[in-house]
Novice: 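First the structure, then my questions, so here it is.
Keep in mind that the numbers below use all heavy atoms, side chains included, and drop hydrogens, waters and symmetry copies.
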Amino acid sequence: MHPDNEPSWTPPAADSKHTAGRAGSPGNAGRADSADKPQPRQVRRILKLFRPYRGRLAVVGLLVGASSLVGVATPFLLKAILDVAIPEGRIGLLSLLALGMILSAMLSGVFGVLQTLISTTVGQRVMHDLRTAVYGRLQRMSLAFFTRTRTGEVQSRIANDIGGMQATVTSTATSLVSNLTSVVATIVAMIALDWRLTAVSLLLLPVFVWISRRVGKERKKITTQRQKQMAAMAATVTESLSVSGILLGRTMGRSDSLTTAFSDESERLVDLEVRSNMAGRWRMAVIGIVMAAMPAVIYWAAGTALQLGGPQVSIGTIVAFVSLQQGLFRPAVSLLSTGVQIQASLALFQRIFEYLDLPIDITERKDPVHLDAVKGEVRFENVEFRYDGDEGKSGGPILDGIDLTVPAGGSLAVVGPTGAGKSTLGHLVPRLYDVTGGRVTLDGVDVRDLDFDTLARAVGVVSQETYLFHASVADNLRFAKPDATDEELRGAAKAAQIHDHIAALPDGYDTVVGERGHRFSGGEKQRLAIARTILRDPPVLILDEATSALDTRTEHAVQEAIDALSANRTTVTIAHRLSTVRGADQIVVLDAGSVAERGTHEELLERDGPYAALVRRDAQLEPTV
């Protein structure tokens, strides 16, 4: 259940000891940190990703160098064949040179395969590292981040953005080194053959480099727009094609309009994809045409120089030079294209770095307190909480001056009108949010000082919105305790009064619950959640509107399971229906974030205050038979 009145949130620094960072959204804080970085710094950050694999990359570099040298040797062998072996009739030399050309081709092929294998492996490992880093970062983000970020947007960053970098991290880096090495080696070889022809060949190279850089910037801009559109479309698919989305669309008669909206999103993506692929395509084609025409220019220049009495150039030299030049065209064009691709890929890296740079506002201390045994005393000491963390903003705090104590094994019920801050109060105990003033303690220790393992073992939460994975009943229960035995599963299910229903299913505990548990009723899902929490066996239990969405009959059945779960545990019950809290040791009425009154059910009725008014309201809402 979402906290009451939850706006967009950025937590402040609570005090000098417990400082909460500002939670930036992917489109704001993260972008300010990544998008504004100088490009060289971003490139250095990308290169850092490959640092763990520098040994393998060194091998790739050696293979690239060897392959380039072998490739450059072929034209020289050809020159010797044309200028020496054939004119002089030296069959032995001709055979040796021809064998050298064949061996050169074989070595180039072997080096190429090994180079591809190693570079692809390194690239995939880098992608794995990125995916894991982003997922791990998101797992550490506070609940507030996910309440304001569309699920499809998150999925798109992991799937589309990282997936879109596959070509860059698996082949582009190697292609860059390989082509650069080939270009340098070829130019050196061309100069060695004839520096004048080399000067003619390279005359337009600076212009080509300038054009490719312009194209790269253009594609980077379009790539950023394309990835945003892909994220928007992924979010639309995630929301509208979920079980809940389909139910809403069908029952509201909006299936056709949703299809039309999706079609419009897809149409925009088509336009961006075409623009991305065509950006600079004509300019790059002109570069290719000019480079392909250069052999003709060389033949013309050599022939003209010969006719005008210029320096003599042998046929073998011209053929070898043109062969080198043609060998130069492929890596040179590829190098320019690679530069364009790298610039476009920077947009993808930038979007990933935005998530990696999101500040984690709920963190574990460097020297956290670990509790082996938790008794379960919970205290709220002058607790204040603001979603925006800015006292100057209107609206006031969500919680203000809350002082409550729940003894170990005791029960506290929190009631009040919608928006009073009930759910927010419950979320402070397991640190789904951190207080912005005061503190919450568990067994006398500030929950911000506890390690995450202690907090996870100590506090269990059962909310109104039960979440079940698309897996078997057993797998859903074992999410709380992976090593639980079948007997433990059955014991927890019996305590939650759901075992008989599970046992009656054709596949029993192996029954797949379906997307978000839609094969089960609301009451059955709630009892499965209770069974899961029983298996976890936490000493402190937060019940957040656990029965508010159920009918009266189902509520009674679930309440019996909750009573079994609550036995001998510290229980904080957040309730809208007062019938579930009458037996609590202490009932607190919240109003506008403050404690309006407190006491037992009988004491509060005698005072005839806000609680008594809520009881009368419930009585009027009770269905008559």
Novice: Contact between Leu528 and Val473 at the side-chain level, heavy atoms closer than 4.5 Å - yes or no?
Specialist: yes

Novice: To the nearest 0.5 angstrom, please state how far the CG atom of Asn476 sits from the NZ atom of Lys525.
Specialist: 11.5 Å

Novice: Return the minimal non-hydrogen interatomic distance between Leu450 and Glu364, and the atom names on each side.
Specialist: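 In this case the closest contact between Leu450 and Glu364 is O-CG, 4.4 Å.
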
Novice: How long is the span from the CD1 atom in Ile402 to the CG atom in Asn382, to the nearest 0.5 Å?
Specialist: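 CG of Asn382 is found 9.0 Å from CD1 of Ile402.
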
Novice: Ignoring hydrogens and angles, tell me if any N or O in the side chain of Thr436 forms a donor-acceptor pair with the backbone of Arg386 under 3.5 Å.
Specialist: yes

Novice: Identify the heavy atoms of Arg478 and Thr485 that sit nearest to each other, and give their distance.
Specialist: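 Residues Arg478 and Thr485, closest heavy atoms: NH2-C, 3.8 Å.
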
Novice: Which heavy atom in Asp585 sits nearest to a heavy atom in Thr600, and how many Å separate them?
Specialist: O-CG2, 3.6 Å

Novice: Checking side-chain contact (heavy atoms from CB on, under 4.5 Å) between Pro538 and each of Thr570, Thr533, Val459, which is the one that passes?
Specialist: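 Only one of Thr570, Thr533, Val459 forms a side-chain contact (heavy atoms from CB on, under 4.5 Å) with Pro538, namely Thr533.
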
Novice: Has the side chain of Ser472 got a donor or acceptor atom that lies under 3.5 Å from a matching backbone atom of Val512?
Specialist: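 Such a contact is absent between Ser472 side chain and Val512 backbone.
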
Novice: Tell me which donor-acceptor pairs under 3.5 Å the side chains of residues 498-510 have, and how far apart each pair is, sequence neighbours excluded?
Specialist:
unit_1, atom_1, unit_2, atom_2, d
His499, ND1, Tyr509, OH, 2.7
His501, NE2, Glu524, OE2, 3.4

Novice: Applying salt bridge (charged side-chain N to carboxylate O under 4.0 Å, His left out), run through Arg490 and Glu488 and close with a yes or a no.
Specialist: CA-CA 5 Å; Arg490 287 191 289 270; Glu488 287 176 316; over 6 Å; no

Novice: If you count every heavy atom of other residues, nucleotides or ligands that lies below 6.0 Å from Phe452 atom CZ, does the total exceed 12?
Specialist: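 Yes, because the 6.0 Å sphere around CZ of Phe452 holds more than 12 heavy atoms from other groups.
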
Novice: To the closest 0.5 Å, what do you measure between CG (Asp403) and OG (Ser594)?
Specialist: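 Reported to 0.5 Å precision, the distance equals 11.0 Å.
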
Novice: Go through it in stages, so that I can follow the logic: the residues are Val406 and Glu377, the test is side-chain contact (heavy atoms from CB on, under 4.5 Å), and I'd like the CA-CA distance, side-chain angles, deciding distance and then a yes or no.
Specialist: CA-CA 6 Å; Val406 189; Glu377 181 195 61; over 6 Å; no

Novice: Under a 4.5 Å cut-off applied to non-hydrogen side-chain atoms, are Asp449 and Arg365 in contact?
Specialist: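 They are in side-chain contact.
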
Novice: Taking NZ, NE, NH1 and NH2 as the nitrogens, is one of them in Arg616 or Asp608 under 4.0 Å from a carboxylate oxygen of the other?
Specialist: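 The answer is yes: the pair qualifies as a salt bridge.
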
Novice: Can you name the closest pair of heavy atoms from Asp446 and Arg439 and give their distance?
Specialist: OD2-CB, 3.2 Å

Novice: Might you confirm whether atom CZ of Arg140 has over 12 heavy atoms from other residues, nucleotides or ligands at distances under 6.0 Å?
Specialist: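 No, CZ of Arg140 has 12 or fewer neighbouring heavy atoms, counting only those of other groups under 6.0 Å.
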
Novice: Which value, rounded to the nearest 0.5 Å, describes the distance between Asp357 atom CG and Ile352 atom CD1?
Specialist: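 Rounded to the nearest 0.5 Å, the CG-CD1 separation comes out at 11.0 Å.
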
Novice: What I'd like to find out is whether the side chain of Arg457 reaches to under 4.5 Å of the side chain of Thr454, using heavy atoms alone.
Specialist: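 Yes, their side chains come closer than 4.5 Å.
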
Novice: Identify the heavy atoms of Leu428 and Tyr433 that sit nearest to each other, and give their distance.
Specialist: CD2-O, 3.7 Å

Novice: Is the side chain of Asp434 donor-acceptor paired with the backbone N or O of Ile362 at a distance under 3.5 Å, no angle test?
Specialist: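 Judged by distance alone, no pair lies under 3.5 Å.
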
Novice: Before giving the answer on side-chain contact (heavy atoms from CB on, under 4.5 Å), spell out for Leu541 and Val572 the whole-Å C-alpha distance, their side-chain angles and the decisive distance to 0.1 Å.
Specialist: CA-CA 6 Å; Leu541 185 63; Val572 177; over 6 Å; no

Novice: Can you find a heavy atom in the side chain of Tyr355 that is under 4.5 Å from one in the side chain of Arg137?
Specialist: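 Counting from C-beta outward, Tyr355 and Arg137 never come under 4.5 Å.
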
Novice: For Lys375, is the NZ atom crowded, meaning more than 12 foreign heavy atoms sit under 6.0 Å from it?
Specialist: no

Novice: Indicate yes or no: at least one non-hydrogen side-chain atom of Glu603 is less than 4.5 angstrom from one of Glu606.
Specialist: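 Result no, sub-4.5 Å side-chain heavy-atom pair not found.
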
Novice: Applying side-chain contact (heavy atoms from CB on, under 4.5 Å), run through Leu425 and Ile574 and close with a yes or a no.
Specialist: CA-CA 9 Å; Leu425 185 71; Ile574 297 151; 5.8 Å; no

Novice: Could you tell me if the side chain of Val383 sits less than 4.5 Å from the side chain of Asp400, heavy atoms only?
Specialist: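 Not in contact.
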
Novice: Kindly indicate, with the supporting measurements, whether the criterion side-chain contact (heavy atoms from CB on, under 4.5 Å) is fulfilled by Gln586 and Leu404.
Specialist: CA-CA 10 Å; Gln586 181 181 188; Leu404 298 169; 4.3 Å; yes

Novice: Strictly distance-based, threshold 3.5 Å: is any side-chain N or O of Asp443 a donor or acceptor partner for the main-chain N or O of Gly376?
Specialist: yes

Novice: Determine whether more than 12 heavy atoms belonging to other residues, nucleotides or ligands lie under 6.0 Å from atom CG of Asn568.
Specialist: no

Novice: Would you compute the distance between atom NE2 of His427 and atom CZ of Phe385 and round it to the nearest 0.5 angstrom?
Specialist: 10.5 Å

Novice: So do the side chains of Val589 and Arg598 get within less than 4.5 Å of each other, counting heavy atoms only?
Specialist: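 SC-SC contact between Val589 and Arg598 ruled out.
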
Novice: With sequence neighbours excluded, tell me which residues meet ring-ring contact (aromatic ring centres under 6.0 Å, His included) with Phe479.
Specialist: Phe469

Novice: Would you give the length of the straight line joining atom CG of Leu543 to atom CG of Leu412, rounded to the nearest 0.5 angstrom?
Specialist: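 Going from the CG atom of Leu543 to the CG atom of Leu412 covers 11.0 Å.
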
Novice: List the atom of Ala492, the atom of Ala531, and the distance in Å for their closest heavy-atom pair.
Specialist: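 Nearest heavy atoms, Ala492 then Ala531: CB-O, 3.5 Å.
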
Novice: Does the side chain of Val595 reach to within under 4.5 Å of the side chain of Phe380, using non-hydrogen atoms?
Specialist: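 A side-chain contact under 4.5 Å is absent here.
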
Novice: Hey, is the main chain of Pro539 close enough, under 3.5 Å, to the side chain of Arg569 for a donor-acceptor pair?
Specialist: no

Novice: Tell me if a side-chain donor or acceptor on Glu597 pairs with a main-chain N or O of Tyr611 at a distance below 3.5 Å.
Specialist: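 Between the backbone of Tyr611 and the side chain of Glu597 there is a qualifying donor-acceptor contact (under 3.5 Å).
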
